[in-house]
Amino acid sequence: MPTVLILMSDTGGGHRASAQALQAGFTNRFGKRFQVEIVDLWKSHTPWPVNRLPDSYSPLVSHGMPFWKFMWYVSGQSSITTPVLATAERLVRRSVWQMFHQYRPDLVISVHPLMQKIPQRVLHRVYPHVPFVTVITDLGSITPVWFHRQVDRCFVPTQAAYREGLRAGLLPEQLRVFGLPVRPAFARPQREKTEVRRELQLDPDRLTALIVGGGEGMGPVARIVESSAQRLAADGRHAQLVVICGRNEKLRTTLNSRNWPLPVHVLGFVDNMPDWMAAVDCIVTKAGPGTIAESMISGLPVLLSGYIPGQETGNIPFVVDNGAGAFNEDPAQIASILSRWFGPEQDRLAEMSAISRSLGRPQSTFEIVDEIAGMVRDS
Ligand code: UDP
């Protein structure tokens, strides 16, 4: 059975979610014909201090924003990244080689910008015929380190990303535009919202907003819930809120200890995001690429409440300029937008929902894995 190895890192929820989407895509399409393994390359297969880098991501983007912005700027300067990556390669070469030796992959997929050049070079030094493929998991802002000219194929989410790939020196035959990989469950046919709400024990008749903050429950989610619940109730909207806190247990406990003027359903990390998105009328989220792509497939108007400078900056015009939603970082303003969407602007809500759905790429994962499976067979 051919082995496909997916390299990712737990920096945010998106890379793991994309890796799992591809793994599920293989199972869905090919049953047990491929062995698909997911590996956190830096954490599990490199020496100190590189193996500690993934753990610093969350605190860095939550509390060290100026430094993160600087890092993002630096990641676009090849005069800096080239020597840094060369030093890192010397540090991790041996352990990366051991990892490939352990898994003996027939094809390698990388879903992380910092897992391109180094693993590709190590792989092709020892296994020159094993294809190395990049699947880009960012949407509107794509750092140049994603693009490595020696990869066998690079899957990009949008035409704009395709043009960036060409500018970075990749050839048209290396690039494919299929959309972001999302879990196959998002490709299921759309169901009646009221039916899904009943299944999830929500009130089937209330207009429903989903509030999330990525896999880590980041950003001012508590203040957004507070303002929105008060405002929707004060304006007499027949509404309810679903809040998914991800891995942020503190947020979940805080929200659960409150009394609300309308139904507020607070959840931790959920494995059935497609169901929650199918149940609601719109989403309030930070500008995470995974959540945006999933919301579009689910036909949800997207109210962006924040972004991580750098990799999420370009996701704001992607949503707003396309007419699929709005952007506002102020919890009080977010509450007032929601109240308008659930009140006098319900027609606009329906329009944005249609635009959002038209931008969604529900087949992206299948298209990507079909092509990759062909590469394994040809290699
Ligand atoms: N997610 C999930 N369950 C949760 C919270 C988030 O499955 O309880 C998923 C979400 O559906 C998306 C990913 O985590 O696929 C978050 O990715 P995104 O790119 O939006 O943000 P990140 O967390 O990477 O910053």
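Computed from a prediction, not measured in an experiment: that's the story for all the values here. Both ligands and their constituent atoms are indexed starting at 1 by order of listing. Along the sequence shown, the residues carry numbers beginning at 1.
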Legend entry - Under 3.5 Å: N/O of Val270 near N/O of ligand 1: yes
Legend entry - Test item: Leu107 and Met375 side chains (from C-beta on) under 4.5 Å apart, heavy atoms: yes
Inset, instruction - Could you tell me whether some N/O pair between Thr291 and ligand 1 is separated by less than 3.5 angstrom? - result: yes
Inset, instruction - Mark the output for Lys286 as yes if a heavy-atom distance to ligand 1 is under 4.0 Å, and as no if none is. - result: yes
Legend entry - Short side-chain donor-acceptor distance under 3.5 Å, Gln35 and Thr3: no
Inset, instruction - Give a yes or no on whether the backbone of Asp203 and the side-chain of Gln240 come within a donor-acceptor separation of less than 3.5 Å. - result: yes
Inset, instruction - With Trp146 as reference, evaluate Val151, Leu114, Val135, Thr137 under the side chain to side chain contact (heavy atoms under 4.5 Å, CB included) test and give the passing residue. - result: Thr137
Legend entry - Sub-4.0 Å heavy-atom contact, Arg183 with ligand 1: yes
Inset, instruction - With Arg258 as the cation and Trp260 as the aromatic partner, state whether NZ or CZ is under 6.0 Å from the six-membered ring centre and within 45° of the axis. - result: yes
Inset, instruction - Using distance alone, determine whether Ile308 and ligand 1 share an N or O pair under 3.5 Å. - result: no
Legend entry - Gly268 touching ligand 1 at heavy-atom level, < 4.0 angstrom: yes
Legend entry - Enumerated ligand 1 atoms positioned under 4.0 Å from heavy atoms of Ile244: 4 (C), 8 (O)
Legend entry - Given Ile316, Asn328, Ile334, the one that forms side chain to side chain contact (heavy atoms under 4.5 Å, CB included) with Leu304: Ile316
Inset, instruction - Could you verify whether a donor N or O on one side chain and an acceptor N or O on the other, from Ser336 and Arg340, lie under 3.5 Å apart? - result: yes
Inset, instruction - Could you tell me which atoms of ligand 1, counted from 1 in the order shown, lie closer than 4.0 angstrom to a heavy atom of Met273? - result: 1 (N), 2 (C), 3 (N), 4 (C), 5 (C), 6 (C), 11 (O)
Inset, instruction - Taking only heavy atoms of Gly246 into account, list the atoms of ligand 1 that are under 4.0 Å away from them. - result: 8 (O)
Legend entry - Contacting atoms of ligand 1, where contact means under 4.0 angstrom from a heavy atom of Ala17: 15 (O)
